[in-house]
Amino acid sequence: MITAIRDRVAAVRTGFTRVTLAPVLLRGVVAVTALLAFGLAYPAEVFLGRAGPALLAVALLPALAPRGHAPTVTILVGIGGWALATTGYGTPVQLWRLLAVGALLYLTHSLAALAAAVPYDVVLAPEVVVRWSTRVAAVLLASAVLVVLLITAAGRTAGQPFLLAVLAGLVVAVGAVALLATLGRRR
């Protein structure tokens, strides 16, 4: 029994000595992007009030457990904050805030996926970071252009512009899921 405990402690000690800086920084950036998204999504009185420590804990979840459901929970909490701010607190919908919250939540998701694939003792090659950054920048740019186009198109219609934007966004989201499901089955 004592030998098993010593072996386990030695294994943990060896694991800690092999940890490199890049994966730790990567997980730190996951938490920071989630926290920034919450700061922009939630009203200031909620973010800085009693809910602040709980939001901090939720922002840390995907950094600590990027392989589980923590990134999804974090993104849903961020979306909930945006909905709370715009509907419950009457915060006006501003395009820059919408784009920033969406971009930060996507970065949280994408960084968590990268952190889940990177072991603690890896040295990241610069090519990996450049390819990942290029892919993320392309997705963010395409998403921003699509959002601006949808909001512009919705603003030109009479009646319910946001309903049209939501429906168009829903069609795009369902199409993206269908495309990913099809591509996933090919493998």
Side-chain angles (χ1 to χ4, degrees), residues 21-118 124 126 128-152 154 162 165-166 168-177 180:
L21 185 61
V24 174
L25 286 176
L26 180 61
R27 289 168 186 260
V29 174
V30 170
V32 168
T33 56
L35 197 58
L36 287 173
F38 291 168
L40 284 174
Y42 279 88
E45 54 267 19
V46 174
F47 184 71
L48 299 174
R50 287 186 171 180
L55 291 173
L56 176 62
V58 173
L60 289 173
L61 283 177
L64 298 174
R67 290 187 182 160
H69 296 292
T72 303
V73 169
T74 302
I75 291 168
L76 290 175
V77 168
I79 293 169
W82 173 264
L84 176 72
T86 55
T87 59
Y89 283 79
T91 304
V93 176
Q94 298 167 327
L95 182 60
W96 73 267
R97 253 181 91 213
L98 176 66
L99 292 174
V101 170
L104 287 167
L105 289 175
Y106 176 72
L107 281 173
T108 300
H109 161 73
S110 185
L111 285 165
L114 182 61
V118 173
L124 283 175
V128 172
V129 177
V130 168
R131 280 195 320 242
W132 177 84
S133 299
T134 304
R135 187 176 311 129
V136 167
V139 169
L140 289 176
L141 180 63
S143 299
V145 167
L146 182 63
V147 165
V148 170
L149 289 175
L150 288 175
I151 288 177
T152 303
F162 286 110
V166 168
L170 184 60
V171 167
V172 170
V174 168
V177 169
L180 290 174

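- Heavy-atom minimum distance, Leu124 versus Val128: CD2-CG1, 4.3 Å.
- Taking the side chain as every heavy atom from C-beta outward, Leu98 and Trp82 approach each other to under 4.5 Å.
- By the 4.5 Å heavy-atom criterion applied to side chains, Val101 and Tyr42 are not counted as neighbours.
- Closest approach of Ala63 to Val30, counting heavy atoms only: N-CG1, 3.8 Å.
- Minimum heavy-atom separation, Arg27 to Leu64: NH1-O, 3.9 Å.
- With contacts defined as side-chain heavy-atom distances shorter than 4.5 Å, the pair Thr33/Tyr106 does not qualify.
- For Thr74 (side chain) and Ala59 (main-chain N/O), no donor-acceptor pair under 3.5 Å exists by modelled atom type.
- The heavy-atom pair separating Ala31 from Leu60 by the smallest distance is CB-CD2, 3.8 Å.
- When all heavy atoms are compared, the tightest approach of Pro53 to Gly49 is CD-O, 3.9 Å.
- The backbone N or O of Ala83 sits less than 3.5 Å from a side-chain atom of Thr87, completing a donor-acceptor pair.
- With contacts defined as side-chain heavy-atom distances shorter than 4.5 Å, the pair Val46/Phe38 does not qualify.
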Step by step, would you call Phe47 with Leu35 a side-chain contact (heavy atoms from CB on, under 4.5 Å)? CA-CA 10 Å; Phe47 184 71; Leu35 197 58; 4.1 Å; yes

Working note: Leu40 + Leu36, criterion side-chain contact (heavy atoms from CB on, under 4.5 Å); need CA distance, chi angles, decisive distance, verdict.
CA-CA 6 Å; Leu40 284 174; Leu36 287 173; 5.9 Å; no

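- Residues Pro71 and Pro66 share a closest heavy-atom pair of CG-O, 3.6 Å.
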